[in-house]
Structure formats: C-alpha cells, structure tokens
Amino acid sequence: MGGSARNPGVLQRDDAPSQSPYQRLSQRMLDLSGDRGVLKDVIREGSGELVTPDATVLDITLWGMELGLLSMRRGELARFLFKPTYAYGMLGCPPLIPPNTTVLFEIELLDFLDSAESDKFCALSAEEQDQFPLQKVLKVAATEREFGNYLFRQNRFYDAKVRYKRALWLLHRRSAPPEERHLVETAKLLVLLNLSFTYLKLERPAVALRYGEQALIIDQKNTKALFRCGQACLLMTEYQKARDFLVRAQKEQPFNHDINNELKKLASYYRDYMGKEKEMCHRMFAPGEHGSTVGEN
C-alpha cells in the first residue's frame, strides 16, 4: 500500500489533570475501537472499497494505526487520535513521545494491494488455473508485479525478485490465442525489465543481462532493456558489449541523461582499463637490472 503519515502530534499525557485538547478534538470524531481508544475524523473522502485485512500495507508498529487503515479508502485523508493503549503505551517513544501519551496522526491512503485474490489463485494447481480466462491470469500477474514494485521501493530486492518470478512463471505457462498473445508479451516485458533491474541491485549482472536480453526478444528497441543490458555488461567489464547496448539505447533516446552518463562512465572505465594494460605491458618488457628483459633466458 502506498500512503503517508505525518509525524505524530503529542496531545496530552493520559494521566494529566486536564484533557481539554483531547476532549475538544475528540467530540466530533468517530469511535473505531469501541472504547474511544481510536478516533477518526475524515478530512478528504476516498473512493472505492475499504482496505481489506489481507492487503499489503506499510510496516505498521501501532495497533491503532492498523485499525485506522482498515477504515480507509483509496485517496482518503484522515486524522486519527490514538490513546496510549493503541499507540506507544506506558513507555512512549523517547524523545518525541512521552510515556502514556495520546497522539494525533494524519494519514493519506494513496493505494493498497489486496493479496487475497492473488494468493488464492497461485495456490491452485496448474490444471485449476487453466480453467480461468486469460484476463484473470493477467490480473494476478499484474498484482504480483505490483507487489514486487512495492518491495523494490523498500529496498527489499530479494523479496521483490520472488514476486516478479512468480508473475513471470504465470505468464510463461499460460498459452493464449494469436489475437491475445500481445497482451501476454506486453505483461512479460514489464516483468523482465523489473527482474533485470532487480538483479542489478542484487549485484548479479550476469542474471540481469539474461533477463534484459529476454526483454529484447519481445521488443528489440526497448530503451530500458538496452540500458539494463549495457549496465550489466559494464559491471562485468565487457566493455565492447556494454558500448553496443548503450549506443543502441542512445539511438532510441539521444537526449536521455542516464544513458549519456553511462556512456561517459564507460569511456572513463575503458581509459583506465587501457592505461593499466599499457602499464602491465611496459613492466613485462622493460629492461631488467642487468640490461636484460623479462622473459629472456
């Protein structure tokens, strides 16, 4: 799920003699927990379905925040009051949150992913999956890819790779009539590009190159695929192959800043490489202490 939560505002120590700030805010707020421990005020309405319990969400450390999120819809902006039991408890969270404190959060729900449908489909046998229409497979594969993107943005590259591979497996094994094959190939292309990028992040350029080349089989002029292959070859010090891929990418997008910078990096690496080669050759064939050269009997 994509969302944003502003830093909590400390309202009131729960054992303080006066609770007027809390009372003023809470008078018009909806009770979500049944004991007025989690209160909500909608600032901007959202749309669509409520967040489902199976949805993928941001890492949640507060019980009150989980209850709050389950009451929200896409695009909604809301204000929440959490009593200490639903927030940071008797210990607080020093130095920002004192012990036994009621806190205020404003949360905007940008999006969320419902994993239930995808997990149920992937748990079926291959024969059972084949009974569903192609659109169902494409939807599940897209959800898996979106999960991968969510994990990638958290720098959880290994977990992202697992999701991308699951999506690719679903697409590889599903046959489609000629008139719908382009839908499968388009979906595959997106996953292959993500896998290539993820393996670059995992510092496995040979695998990144393999997925990039598979993407180029689908679209030989795809700029991202050419760029990823060039990056992978550069990491493997295969400079000529790196140049070939990057020049092809530059041909598709001549003013792309990233491509041009990568070509400059390649030129710099290649100069350093050639300089080291010349130095090594010079040492091999330079005269020795007695005027002989290395290699003479």
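The chain is numbered in sequence order, starting from 1. Predicted model, so just to flag it, every value in this text is computed and none were measured.
Taking all atoms of both residues into account, the shortest heavy-atom contact from Gly212 to Ala225 is O-CB, 3.9 Å. Taking all atoms of both residues into account, the shortest heavy-atom contact from Arg174 to Pro133 is NH2-C, 3.7 Å. Closest approach of Glu76 and Ala78 over heavy atoms only: OE2-CB, 3.8 Å. Annotation for Val137 and Leu170: closest pair CG1-O, 4.0 Å, computed over non-hydrogen atoms. Annotation for Leu234 and Ala242: closest pair N-CB, 3.7 Å, computed over non-hydrogen atoms. The nearest pair of heavy atoms linking Gly92 to Pro94 is C-CD, 3.7 Å.
Counting heavy atoms from C-beta on, the side chains of Lys241 and Leu209 come closer than 4.5 Å. Taking 4.5 Å as the limit, every side-chain heavy atom of Leu50 sits out of range of all side-chain heavy atoms of Met72. Side-chain contact between Lys221 and Lys251 is absent, with no heavy atoms from C-beta onward closer than 4.5 Å. Put simply, the side chain of Ile218 reaches to within 4.5 Å of the side chain of Leu192, judged on heavy atoms. Between Asp35 and Thr85 there is no side-chain heavy-atom pair separated by less than 4.5 Å. In this structure, the side chains of Arg44 and Glu108 come closer than 4.5 Å at one or more pairs of heavy atoms. Annotation: side chain of Arg166 is not in contact with side chain of Val162 (no heavy-atom distance under 4.5 Å).
Listed for the Thr186 side chain is a donor-acceptor partner under 3.5 Å among the backbone atoms of His182. No donor-acceptor distance shorter than 3.5 angstrom exists from the side chain of Asn194 to the backbone of Ser196, with no hydrogens or angles considered. Not one N or O on the side chain of Glu180 forms a donor-acceptor pair closer than 3.5 Å with the backbone of Pro177. Not a single donor-acceptor pair under 3.5 Å links the side chain of Arg79 to the backbone N or O of Ile43. Under a 3.5 Å cut-off, the side chain of Arg145 and the backbone N or O of Val191 do not form any donor-acceptor pair. Not one N or O on the side chain of Arg36 forms a donor-acceptor pair closer than 3.5 Å with the backbone of Lys83. Put simply, the side chain of Glu128 gets close to the backbone of Ser125: a donor and an acceptor are under 3.5 Å apart.
Side-chain atoms of Tyr88 and Asn100 include no donor-acceptor pair closer than 3.5 Å. Of the N and O atoms on the side chains of Gln250 and Asn260, at least one donor lies less than 3.5 Å from an acceptor on the other residue. With hydrogens and angles left out, the side-chain atoms of Glu144 and Ser118 include a donor and acceptor closer than 3.5 Å. With 3.5 Å as the limit, one finds no donor-acceptor pair spanning the side chains of Arg243 and Gln240.
Few gaps surround NE2 on His172; more than 12 heavy atoms of other groups in view lie less than 6.0 Å from it. More than 12 heavy atoms of other residues, nucleotides or ligands lie within 6.0 Å of CD in Glu179, so this atom counts as buried by the packing criterion. For Arg28, the CZ atom is loosely surrounded, since the number of other residues' heavy atoms within 6.0 Å does not exceed 12. In the displayed structure, Lys136 atom NZ is contacted under 6.0 Å by more than 12 heavy atoms of other residues, nucleotides or ligands.
Aromatic rings of Phe245 and Phe227 (six-membered ring for Trp) have centroids beyond the 6.0 Å cut-off, not under it. Centroid-to-centroid, the aromatic rings of Phe132 and Phe121 come within less than 6.0 Å. Here Phe197 and Phe152 bring their ring centres to under 6.0 angstrom of each other.
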Exercise for the section: Could you check Arg73 against Leu109 for side-chain contact (heavy atoms from CB on, under 4.5 Å), going step by step and ending with a plain yes or no? Expected result: CA-CA 7 Å; Arg73 306 175 193 274; Leu109 179 62; 5.6 Å; no
Exercise for the section: Begin from the C-alpha positions of Arg210 and Glu213 and carry the test salt bridge (charged side-chain N to carboxylate O under 4.0 Å, His left out) through to its verdict. Expected result: CA-CA 5 Å; Arg210 186 170 76 240; Glu213 289 177 328; over 6 Å; no
Exercise for the section: Please lay out, stage by stage, how Asp111 and Glu146 fare under the test side-chain contact (heavy atoms from CB on, under 4.5 Å). Expected result: CA-CA 11 Å; Asp111 200 2; Glu146 289 168 2; over 6 Å; no
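Taking the ring axis of Phe147 as reference, the NZ or CZ atom of Arg163 stays within 45° of it and closer than 6.0 Å to the ring centre.
Under a 4.0 Å N-O distance rule, the pair Lys188/Glu185 qualifies as a salt bridge. A salt bridge links Lys265 and Glu262; the closest N-O separation between the charged side-chain nitrogens and carboxylate oxygens is under 4.0 Å. A salt bridge does not link Lys224 to Asp258: none of the charged side-chain nitrogens sits closer than 4.0 Å to a carboxylate oxygen. Between Glu49 and Arg74, no side-chain nitrogen of the basic residue sits less than 4.0 Å from a carboxylate oxygen of the acidic one, so the salt-bridge criterion is not met. Taking a cutoff of 4.0 Å between a charged side-chain nitrogen and a carboxylate oxygen, Asp31 and Lys40 do not qualify as a salt bridge.
There is a path of hydrophobic side-chain contacts, each under 4.5 Å, that joins Tyr211 to Val184. Residues Val207 and Leu193 are members of one and the same hydrophobic cluster, defined by side-chain heavy-atom contacts under 4.5 angstrom among Ile, Leu, Val, Met, Phe, Trp and Tyr. Cluster annotation: Phe82 and Ile97 are assigned to the same hydrophobic cluster (Ile/Leu/Val/Met/Phe/Trp/Tyr, side-chain heavy-atom contacts under 4.5 Å, transitive). By the rule that hydrophobic residues join a cluster once side-chain heavy atoms approach within less than 4.5 Å of another member, Leu235 and Leu216 end up as members of separate clusters. Phe80 and Tyr86 fall within a single hydrophobic cluster, where Ile, Leu, Val, Met, Phe, Trp and Tyr are joined by side-chain heavy atoms under 4.5 Å apart, directly or via other members.
How far CG of Leu39 is from OG1 of Thr102: 9.0 Å, rounded to the nearest 0.5 Å. Put simply, OG1 on Thr198 and CZ on Arg156 are 13.0 Å apart, with the number rounded to the nearest 0.5 Å. In this structure, the separation between CG on Leu226 and CD1 on Ile259 is 8.0 Å, given to the nearest 0.5 Å. The CG atom of Leu200 lies 9.0 Å from the SG atom of Cys229; values are rounded to the nearest 0.5 Å. For the atom pair CG of Leu168 and OH of Tyr164, the computed distance is 12.5 Å after rounding to the nearest 0.5 Å. A distance of 11.0 Å separates CG in Asp130 from CG in Leu134, rounded to the nearest 0.5 Å.
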